[in-house]
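Below, read A as the first sequence line, B as the second, and so on, with proteins coming before strands; counting in each chain starts at 1.
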Amino acid sequence: MSTPARPDVAPPEPWAFPAPAEHRLSNGMRALVYRLPGQHVASTRIALPSLLSGEPRSREGVASIVSRTMDEGTRSHTGEELAELFERNGIGLGAGVTEQGLVVEVEATTARLGRALELTTECLGEPVFDGTEVRRHVRQRLSEIDHERAGAASRAALEWARTFYTDDSRGSRPTAGARDTVEPIESADCASYHRSWVRPEGGTVVVAGDVDDAAVVDELERTIGAWDAEPASTATDLADARDVRDPQSQRIVFVDRPGSVQTEMYVGTLGPNRRAEGGWAAYPALSFVLGGSPGARVDALLREEKGYTYGMRTVFRPRRHDGVFVAAGSVRGDVTAESLELLVGVLESAAEGFTQEETRSAIDYIGMTAPARYATADAVADEAVRLRLDGLGTGFVTDYLQQVRDLTPERLQEAWAAVVGSWTTVLVGDAEQHADAVRALGLGEVTVIA
Amino acid sequence: MPLDYPIHQRTLDNGLRVVVSPDHSVPTVTVNLWVNVGSRHEREGKTGFAHLFEHLMFQGSRNVAEGEHFSRLMAQGARLNATTWFDRTNYFETVPTGAYELALWMEADRHGYLLDAVNQGNLDNQRDVVKEEKRQRYDNRPYGHALEEVYAAVFPAGHPYHHSTIGSMADLDAASLEDVHDFFRRYYGPNNTVLTLVGDVTAQDGLAAAERYFGHLPASAESSRGPVEPLEPLAAPVRVELTEDVPSNRLYLAFRLPVAGSPEFDAAELAMDLLGGLATSRLYRRIVRREQIATSVSRTAMGLVDGTSLGLLVADVSDDVDPDAVEEAVCEELVRLGEEGPTDVEMETLLNDTERWWLSALASHDERADTISQYTLLHDDPQYVNTYLDKVGAMTPERIRDVAARWLTPQCRAVVAYRKEAGA
């Protein structure tokens with residue numbers, strides 16, 4: 001038998017993000033229900049616009065501790081009892097805080113969704129913030145801080161934010177708090193934050209799975225919809241502060257790790273948010289073309305040609321106000337300076353433009369991977385929540401995918417031209433061995449820190 | 001809940017086992033191949049080779065140019081990759097329905113005719129990339145060598161699981177083009193491979209496409225060896241003490257477990273969950289929540305087919321707490337599980353927690369396909385996706401207790417203990 005001929009590819013049918021059924025619950029919360037046949041586990045997300053500006057400066061991290069201790073005891077159950085109630089019903093619960101707000105994640109089989117919503121509502125509405133549990137979670141966060149500092153990639157990200165933003169900007173400091181502000185957090189701090197900022201107002205609940213819309217709304221009304229926080233004593237809106245780039249941030253910070261066999265590189269600058277002029281579509285395409293695959297420009301050189309890295313990635317990260325662009329990854333220690341020069345060279349030379357073929361591959365990749373990227377209940381719910389906290393609906397995905405199809409090399413070049421340059425760079429590696437060579441590149445002032 | 005994912009299977013004349021599981025909810029198809037070769041097949045002096053080889057599979061083949069596998073498929077909307085593990089190597093992509101035949105054609109080309117494209121240049125380059133992978137994932141991170149230490153402590157020298165998949169860099173340096181050719185001829189071929197298609201394809205079309213694109217390949221792989229003899233639990237504790245620049249004192253407690261695919265392994269996996277896999281697990285409750293002598297505890301049950309599996313408990317010790325106190329508490333809970341099996345509430349928790357994670361895992365085409373390939377290649381059981389929850393439902397507390405009493409005792413533990421450097 002002979003080798004068959006390379007088959008042709010039939011183009012995919014147009015695709016749209018699943019449309020939710022939208023409701024307004026009696027307590028004012030918005031409910032979005034995505035019916036996804038075959039998804040036996042329902043993913044629920046509760047998103048509250050609890051911005052970090054609600055944290056006292058001396059207790060930064062309290063929002064995260066609140067998110068981690070709401071299920072550690074309520075007026076009705078102890079933390080251990082709650083853990084058992086969740087787990088014996090097979091319900092997975094998690095919660096965390098981002099720059100955009102507080103998100104509670106609940107995973108349960110569709111049959112147990114009602115029970116999951118009951119327990120989650122109890123945690124949101126009547127947590128007691130038992131002192132022992134708060135102290136335990138504070139200690140766990142302190143340990144987590146040590147681990148974040150010890151990992152090269154996480155240390156680079158922390159140091160980059162600290163360098164990039166002014167000291168007054170909340171974004172310059174870790175979302176979940178630093179040692180000096182987490183250490184003093186007590187039960188009263190959690191209760192106070194919760195009372196003021198963990199409230200139904202402005203909140204959204206998303207349910208995705210093989211569920212019946214009407215039945216879910218009934219369950220939501222019975223549970224989350226009946227969550228009715230006491231009136232806030234201080235009825236002020238949270239300041240929506242804008243993080244500001246430090247005018248001195250165009251430089252290189254080298255975190256010294258004596259003996260490191262690799263250097264972690266983290267190179268970034270300001271980027272757009274999702275409401276960018278000219279549309280968001282160009283930015284995922286640029287991420288793909290620059291650093292989204294082994295064949296993308298960065299890895300084609302640093303990985304496939306040079307063999308200096310296991311792989312580097314570029315990403316545009318939208319934020320509430322200004323987003324960021326970051327290229328990051330680790331390279332062999334002894335080629336630190338050469339790799340940085342090559343990386344910056346790839347990024348800057350891209351200002352000269354992109355080929356038709358690159359543009360086409362980005363359009364096709366982004367457009368055609370969407371059905372698989374959003375095929376599961378958790379992926380749909382996660383995207384819905386991310387966008388909701390940014391003031392957008394999931395129609396945004398369908399719309400920007402439409403825009404992606406119209407991208408041209410000229411549009412990519414124009415979008416990249418507005419981003420490229422004025423890099424803030426963090427390197428984590430053996431500074432004694434490599435800092436001088438990095439200085440010699442002339443890419444900017446180099447500061448070595450421990 | 002009873003599961004009924006459709007399973008259609010056929011073995012081609014050349015030995016390729018094909019499974020098709022139609023699901024038209026999303027207009028994509030996952031193409032997933034498992035090859036029965038992993039680091040367990042590597043001989044002394046040739047470690048790391050299965051993984052290096054996986055990298056070479058992306059460097060072109062007879063009719064596919066270097067780098068084209070990634071670029072062409074991604075431009076058709078594919079998300080793709082490959083991984084290497086002790087027991088096997090897998091290759092997979094999820095593509096829009098209209099591109100699945102192209103994916104099959106490209107997979108068949110490299111699984112049949114890789115050697116036409118392998119040369120010293122791409123061998124040298126990918127060897128460098130793999131070295132950076134090792135530096136990134138093992139050498140340049142805290143606790144990065146822990147698992148290598150665990151494997152070497154639990155499995156005797158010469159055992160298939162004694163060395164890690166990443167292998168030795170000296171061995172990789174010694175690898176020649178001739179080794180690459182030998183390896184391919186020995187292990188790669190339809191008669192040593194499973195192909196699974198999950199998604200927007202009918203059984204008839206999927207099986208016909210498998211025949212069309214793979215049917216012409218010769219049954220070229222050598223016949224595979226049988227599994228090595230099972231090991232007994234360790235006869236006495238083994239200990240490795242490491243003092244390094246790490247953020248916390250950390251304990252890895254490792255155990256031999258029964259071979260994957262056996263009812264005893266299923267019981268052992270649940271025993272590990274009960275010890276360290278839940279917020280209500282016995283260790284979390286005791287050492288993290290109540291006594292607060294640890295800041296975290298986790299567990300892994302690695303099901304392995306060469307006679308013996310591996311169980312692992314990992315605990316980060318709280319600052320100012322003696323790690324020995326944590327180890328002692330863990331040992332007490334091991335003994336207690338072997339004496340007092342799970343309670344009714346614990347059994348209910350295990351069943352319902354397993355149901356949720358299993359259904360979550362099968363929710364996506366790609367993970368469902370990977371699971372089907374796994375159980376077809378290693379256990380000849382493509383229906384496993386549908387029957388696993390029934391097995392868990394039939395589990396008894398006595399079986400979990402008994403497996404713990406035999407395999408999870410303090411006496412048969414291997415400990416890899418990390419201590420922070422003084423002053424760190």
Side-chain angles (χ1 to χ4, degrees), chain A residues 1-4 6-7 9-13 15 37-41 79-80 83-84 86-92 107-109 111 136 139-140 143 146-147 149-152 260-262 293-295 303-304 307-310 330-332 360-361 364-365 367-369 371-372 375-378, chain B residues 1 23 25-28 58 63 67 70-71 74-79 94 96-99 101-102 105 124-125 127-129 132-133 135-137 139-142 212-213 215-216 246-248 278-280 285 289 292 295-296 316 318-319 345 348-349 352-353 355-356 359-360 363-366:
Chain A
M1 246 187 302
S2 62
T3 308
R6 185 186 282 239
V9 174
E13 299 291 316
W15 177 89
Q39 294 291 301
H40 303 306
V41 176
E80 282 207 36
E84 191 170 294
F86 275 104
E87 288 192 335
R88 69 188 290 186
N89 283 291
I91 303 163
E107 299 285 321
T109 57
R136 174 164 77 86
R139 273 200 291 273
Q140 287 179 9
S143 171
D146 291 341
H147 284 250
R149 198 179 152 81
S260 282
V261 292
Q262 280 190 324
S293 79
R303 174 183 150 124
E304 296 298 311
Y308 289 172
T309 177
Y310 177 44
S330 53
V331 296
R332 202 171 80 218
R360 188 74 243 162
S361 71
D364 290 340
Y365 178 76
M368 292 198 274
T369 52
T376 57
D378 58 342
Chain B
M1 61 187 291
D23 173 355
S25 63
V26 181
T28 63
F58 289 92
N63 298 295
F70 264 116
S71 63
M74 288 177 91
Q76 295 298 344
R79 298 198 301 159
T94 295
T97 307
E101 292 193 52
L102 174 66
W105 182 86
D124 290 343
N125 167 259
R127 182 169 21 218
D128 284 347
V129 170
E132 291 319 305
E133 180 177 357
R135 290 189 178 104
Q136 182 176 325
R137 295 169 62 172
D139 303 341
N140 199 41
R141 64 169 49 192
R212 190 175 318 132
Y213 297 107
H216 67 286
V246 290
S248 306
L278 299 155
T280 53
R285 224 183 255 251
R289 185 187 284 280
Q292 301 191 15
T295 54
S296 71
D316 275 351
S318 300
D319 282 348
V345 171
E348 187 186 353
T349 299
N352 289 331
D353 181 71
E355 180 187 54
R356 191 201 69 245
L359 291 174
S360 290
S364 68
H365 288 174
D366 44 2

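- Within the 4.5 angstrom heavy-atom criterion, only side-chain atoms of B/Val26, from C-beta onward, approach chain A.
- Highest contact tally toward chain A, considering only B/Asp124, B/Asn125, B/Asp316, B/Asp128, is held by B/Asn125 [criterion: heavy-atom pairs under 4.5 Å].
- Between B/His216 and A/Pro4 the shortest side-chain heavy-atom distance falls below 4.5 Å.
- The parts of B/Asn63 that come within reach of chain A are both its backbone and its side chain, each placing non-hydrogen atoms under 4.5 angstrom from that chain.
- Under the 3.5 Å distance criterion, the side-chain polar atoms of B/Asp353 are left unmatched by any main-chain donor or acceptor of A/Glu87.
- Side chain to side chain, A/Tyr310 and B/Glu132 fail the donor-acceptor criterion of an N or O pair below 3.5 Å.
- Contact of B/Ser25 with chain A is made through the side chain alone, with heavy-atom distances under 4.5 Å.
- Neither the backbone nor the side chain of B/Arg141 comes within contact range of chain A, judged by heavy atoms closer than 4.5 Å.
- Here the closest non-hydrogen pair linking A/Thr369 and B/Ala78 is CG2-O, 4.0 Å.
- Contacts of B/Phe70 with chain A are made by side-chain atoms alone, with heavy-atom separations under 4.5 Å and no backbone atom involved.
- In terms of heavy-atom pairs under 4.5 Å with chain A, the best-connected choice from B/Arg79, B/Arg212, B/Glu101 is B/Arg79.
- Interface summary for chain B: among A/Ser361, A/Ala377, A/Ala372, the most heavy-atom pairs under 4.5 angstrom belong to A/Ala372.
- Taking A/Arg332, A/Gln140, A/Gln39, A/Arg149 one by one and counting their heavy-atom pairs under 4.5 Å with chain B, the maximum is reached by A/Arg332.
- Residue A/Pro294 touches chain B through its side chain alone, counting heavy-atom pairs closer than 4.5 Å.
- Here B/Thr349 is the residue among B/Thr28, B/Asp23, B/Thr349 with the most heavy-atom pairs under 4.5 Å with chain A.
- A 4.5 Å side-chain heavy-atom check between B/Arg285 and A/Glu84 finds at least one atom pair inside the cut-off.
- Among B/Gly67, B/Pro142, B/Ser71, the residue with the largest count of heavy-atom pairs under 4.5 Å with chain A is B/Pro142.
- Residue contact with chain B, scored on non-hydrogen atoms closer than 4.5 Å, involves the backbone of A/Tyr308 exclusively.
- Taking all atoms of both residues into account, the shortest heavy-atom contact from A/Gly307 to B/Val129 is CA-CG2, 4.2 Å.
- When atom types are taken as modelled, the side chain of B/Asn352 and the backbone of A/Asn89 share no donor-acceptor pair closer than 3.5 angstrom.
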Yes or no on side-chain contact (heavy atoms from CB on, under 4.5 Å) for B/Ser248 and A/His147, after CA distance, side-chain angles and deciding distance?
-> CA-CA 8 Å; B/Ser248 306; A/His147 284 250; 2.6 Å; yes
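- The contact between B/Gln292 and chain A is made entirely by side chain atoms (from C-beta outward), counting heavy-atom distances below 4.5 Å.
- Ranked by heavy-atom pairs under 4.5 Å with chain A, the list B/Val345, B/Asp319, B/Asp139 is led by B/Val345.
- When every heavy atom of A/Thr376 is checked against every heavy atom of B/Ser364, the shortest pair comes out as CG2-CB, 3.5 Å.
- Between the side chain of B/Arg356 and the backbone N or O of A/Gly90 there is at least one donor-acceptor pair closer than 3.5 Å.
- Here the side chains of A/Ser260 and B/Asn140 are in contact, with some heavy-atom distance below 4.5 Å.
- Residues B/Gln136 and A/Ser330 approach most closely at OE1-OG, 3.1 Å, considering heavy atoms.
- Of the listed residues (A/Gly92, A/Pro11, A/Gly151), the greatest number of heavy-atom pairs within a distance under 4.5 Å of chain B belongs to A/Gly92.
- Looking at B/Arg137, only its side chain comes within 4.5 Å of chain A, counting heavy atoms on both sides.
- For A/Arg6, the CZ atom counts as densely surrounded, since its 6.0 Å shell holds more than 12 non-hydrogen atoms of other residues, nucleotides or ligands.
- At a threshold of 4.5 Å between non-hydrogen side-chain atoms, the residues A/Trp15 and B/Pro96 do not count as touching.
- Closest of all the heavy-atom pairs between B/Ala75 and A/Asp364 is O-CB, 2.9 Å.
- Of the listed residues (A/Arg139, A/Glu304, A/Glu13, A/Arg360), the one with the most heavy-atom contacts under 4.5 Å to chain B is A/Glu304.
- There is no contact between B/Thr97 and chain A, counting heavy-atom distances below 4.5 Å.
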